[in-house]
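Sequential numbering from 1 along the given sequence is applied to the chain's residues. Bear in mind the structure is a predicted one, so any value in this text is a computation, not a measurement.
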Amino acid sequence: MPEPAAPKPADSAPAAPNGPAGGGPRIVLAFDFGSRRIGVACGDTVSRTAAPLDAVPVGMAGPRWEAIDALLRDWQPALIVVGLPYNVDGSDSTQTRDARGFATEVARRYRLQVVLVDERYSSREAEARLKSARRSGLRRRRVAKADVDAAAACVILERWFTEDPAV
């Protein structure tokens, strides 16, 4: 897939042959790719809402694929959304390349369509939401980094729901 000159709100990694067909309700998993953890959220195309699931550890050898395997087995998504971490000016970073590689590997391993979404500032937005919930009393425990990663995956999925008119 050729690299875009400037980021688009959403684009697709190579679609797998057995990807979802359009139409009816679909479960969607979103990933906030990071070098230490990968935040995961789940949503569906009917309610168009997202909920945080977990943060998958990333080790020296890369993502803990067995944890991702379990999430995909449990949720059986029809589509995957992966956040692309562009620089503030819209240019690619090392993390952008790594997130694209992750998206390509997810599509290859699970034979699902993977959609890429600009994730700039998703972690900041997620952290602000969690801290606000804690200040208001809706959240009792302190905000951990893994919580922020899973909440950032929610933000990414919500952006996809908002920006993709076909959903």
Side-chain angles (χ1 to χ4, degrees), residues 1-17 19-20 26-43 45 50-73 75 77-130 144-164 166-167:
M1 176 172 125
E3 296 291 315
K8 298 187 296 186
D11 56 272
S12 294
R26 300 184 291 171
I27 299 293
V28 182
L29 282 186
F31 293 95
D32 175 35
F33 182 82
S35 58
R36 293 189 180 107
R37 288 170 307 280
I38 300 170
V40 186
C42 183
T45 58
L53 291 180
D54 204 353
V56 174
V58 176
M60 295 299 286
R64 300 266 168 83
W65 288 106
E66 66 278 1
I68 295 171
D69 292 344
L71 286 164
L72 270 85
R73 218 178 12 256
W75 290 95
L79 180 76
I80 303 293
V81 174
V82 174
L84 283 181
Y86 292 108
N87 289 320
V88 174
D89 66 1
S91 63
D92 284 5
S93 67
T94 303
Q95 281 289 94
T96 310
R97 184 200 67 222
D98 293 345
R100 278 196 176 101
F102 172 75
T104 299
E105 183 62 13
V106 167
R108 185 193 71 75
R109 281 177 182 255
Y110 304 108
R111 306 190 57 75
L112 290 170
Q113 180 183 7
V114 176
V115 177
L116 304 173
V117 174
D118 183 344
E119 73 156 40
R120 279 180 283 183
Y121 304 112
S122 62
S123 293
R124 285 187 185 170
E125 184 178 336
E127 186 172 21
R129 285 182 188 182
L130 291 170
K145 290 180 181 182
D147 297 330
V148 173
D149 294 331
C154 282
V155 170
I156 292 164
L157 187 50
E158 289 165 356
R159 286 181 187 173
W160 181 74
F161 285 139
T162 302
E163 295 170 357
D164 191 333
V167 177

Checklist outcome for this item: With sequence neighbours left out, the residues meeting side chain to side chain donor-acceptor pair (under 3.5 Å) with Arg37 are Asp149

Would you check if [X] and [Y] make a side-chain contact, meaning some heavy-atom pair closer than 4.5 Å?
{"X": "Phe33", "Y": "Leu84", "answer": "no"}
{"X": "Leu112", "Y": "Leu29", "answer": "no"}
{"X": "Val81", "Y": "Phe31", "answer": "no"}
{"X": "Val28", "Y": "Val115", "answer": "no"}
{"X": "Val148", "Y": "Asp32", "answer": "no"}
{"X": "Ser35", "Y": "Val58", "answer": "no"}
{"X": "Thr104", "Y": "Arg108", "answer": "no"}

Calculate, to the nearest 0.5 Å, the distance between atoms [atom1] and [atom2] belonging to [X] and [Y] respectively.
{"X": "Asp118", "Y": "Ile156", "atom1": "CG", "atom2": "CD1", "answer": "9.5 Å"}
{"X": "Ile80", "Y": "Trp160", "atom1": "CD1", "atom2": "CH2", "answer": "10.5 Å"}
{"X": "Lys145", "Y": "Ser123", "atom1": "NZ", "atom2": "OG", "answer": "11.5 Å"}
{"X": "Glu119", "Y": "Thr96", "atom1": "CD", "atom2": "OG1", "answer": "8.0 Å"}

Checklist entry - So does Arg159 pair up with Glu163, basic N to acidic O under 4.0 Å? => result no

For the student: nearest non-hydrogen atoms of [X] and [Y], plus distance:
{"X": "Gly83", "Y": "Pro85", "value": "O-CD, 3.6 Å"}
{"X": "Ala151", "Y": "Pro52", "value": "N-CB, 4.3 Å"}
{"X": "Cys154", "Y": "Ala51", "value": "SG-C, 3.3 Å"}
{"X": "Leu71", "Y": "Leu53", "value": "CD2-CD1, 4.3 Å"}
{"X": "Glu125", "Y": "Val155", "value": "OE1-CG1, 3.6 Å"}
{"X": "Pro77", "Y": "Leu72", "value": "CD-O, 3.7 Å"}

Checklist entry - How are the rings of Tyr110 and Trp65 set relative to one another: parallel (under 30°), tilted (30 to 60°) or perpendicular (over 60°)? => result tilted

Item to check | Heavy-atom neighbours of Arg109 CZ exceed 12 at 6.0 Å | outcome: yes

Next on the checklist: If we ignore hydrogens and angles and just use 3.5 Å, is the side chain of Arg64 paired with the main-chain N or O of Gly59 as donor and acceptor?
Outcome noted: no

